[in-house]
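As structure tokens, the structure follows; a few thoughts come after it.
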Amino acid sequence: ASSFVDGDGALPHASRHLLVSSDPSASMELPAGWDPYEELDLPRDATTEEVKVSFRELARKHHPDKVQGSEGDDGGETFKRARKAYEILTEPASRALFDEAARAAKCREALQKKEDG
């Protein structure tokens with residue numbers, strides 16, 4: 001099985017895009033360590049329905065049209081990250097890819113800790 005993590009346990013640069021849309025403009029750079037489950041405040045075993053509900057709540061609160069110019073306006077970045085998390089967690093292949101990469105990173109961390117001491 002191939003690994004999707006780099007030497008520091010993070011997703012490699014190219015894999016951070018996790019493009020699940022056929023629209024290339026939908027791709028966005030995700031920071032190392034970014035987690036779609038944390039973005040939507042969900043457990044790893046969340047159902048697709050739970051993902052949808054959480055995304056809708058965040059979308060209503062952080063949609064750029066709603067918060068533009070208001071206090072806490074981050075230029076839509078919170079909404080974009082939530083949308084990307086939704087796309088990843090509702091697309092089975094993308095979710096499996098992310099979950100595999102996260103498991104590999106955890107294993108790498110555990111091995112590193114064991115080697116260090």
Side-chain angles (χ1 to χ4, degrees):
S2 62
S3 174
F4 294 100
V5 293
D6 61 18
D8 66 358
L11 290 173
H13 178 76
S15 297
R16 289 185 195 141
H17 289 280
L18 292 172
L19 181 64
V20 295
S21 170
S22 59
D23 177 7
S25 67
S27 177
M28 66 181 281
E29 179 71 18
L30 300 172
W34 180 82
D35 186 334
Y37 296 99
E38 289 178 13
E39 192 70 46
L40 296 178
D41 194 25
L42 292 168
R44 298 223 175 265
D45 62 350
T47 65
T48 301
E49 188 58 33
E50 290 170 320
V51 171
K52 290 177 183 180
V53 168
S54 181
F55 171 71
R56 284 187 207 122
E57 289 173 5
L58 282 171
R60 277 194 297 272
K61 185 176 179 181
H62 295 285
H63 194 280
D65 291 344
K66 183 169 179 137
V67 297
Q68 189 174 19
S70 67
E71 187 176 324
D73 177 14
D74 64 359
E77 289 304 311
T78 300
F79 177 78
K80 289 176 189 176
R81 287 191 315 270
R83 184 182 66 203
K84 182 54 69 177
Y86 171 82
E87 290 172 354
I88 290 168
L89 297 180
T90 57
E91 164 56 43
S94 293
R95 187 172 183 165
L97 175 65
F98 180 84
D99 289 345
E100 180 181 337
R103 279 191 298 275
K106 261 191 178 172
C107 287
R108 179 166 277 131
E109 278 181 30
L111 287 172
Q112 187 64 45
K113 284 181 183 178
K114 187 175 180 180
E115 289 175 1
D116 291 345

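- Using a cutoff of 4.0 Å between basic side-chain nitrogens and carboxylate oxygens, Arg44 and Asp35 are scored as salt-bridged.
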Next item on the list: With side-chain contact (heavy atoms from CB on, under 4.5 Å) as the test, would you mind laying out the steps for Tyr86 and Val51 before giving the verdict?
Entry: CA-CA 7 Å; Tyr86 171 82; Val51 171; 4.0 Å; yes
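- A 6.0 Å sphere centred on CG of Asp41 holds no more than 12 heavy atoms belonging to other residues, nucleotides or ligands.
- One distance of note links NZ of Lys80 with CD of Glu39; it measures 13.0 Å at 0.5 Å rounding.
- The shortest heavy-atom contact between Pro64 and Gly76 is CG-CA, 3.9 Å.
- Taken from CD1 in Ile88 to OG in Ser94, the straight-line distance is 6.5 Å, to the nearest 0.5 Å.
- With a 4.5 Å cut-off on side-chain heavy atoms, Glu87 and Arg83 count as touching.
- From Leu40, atom CG reaches atom NZ of Lys84 across 12.5 Å, with rounding to the nearest 0.5 Å.
- To the nearest 0.5 Å, the span separating CZ on Arg108 from CZ on Arg103 amounts to 14.5 Å.
- Side chains of Asp45 and Tyr37: a donor-acceptor N/O pair is absent below 3.5 angstrom, by distance only.
- Here Leu111 contributes atom CG and Cys107 contributes atom SG; the two are 7.0 Å apart, rounded to the nearest 0.5 Å.
- Taking OG1 of Thr90 as the start and CZ of Phe55 as the end, the distance is 9.0 Å to the nearest 0.5 Å.
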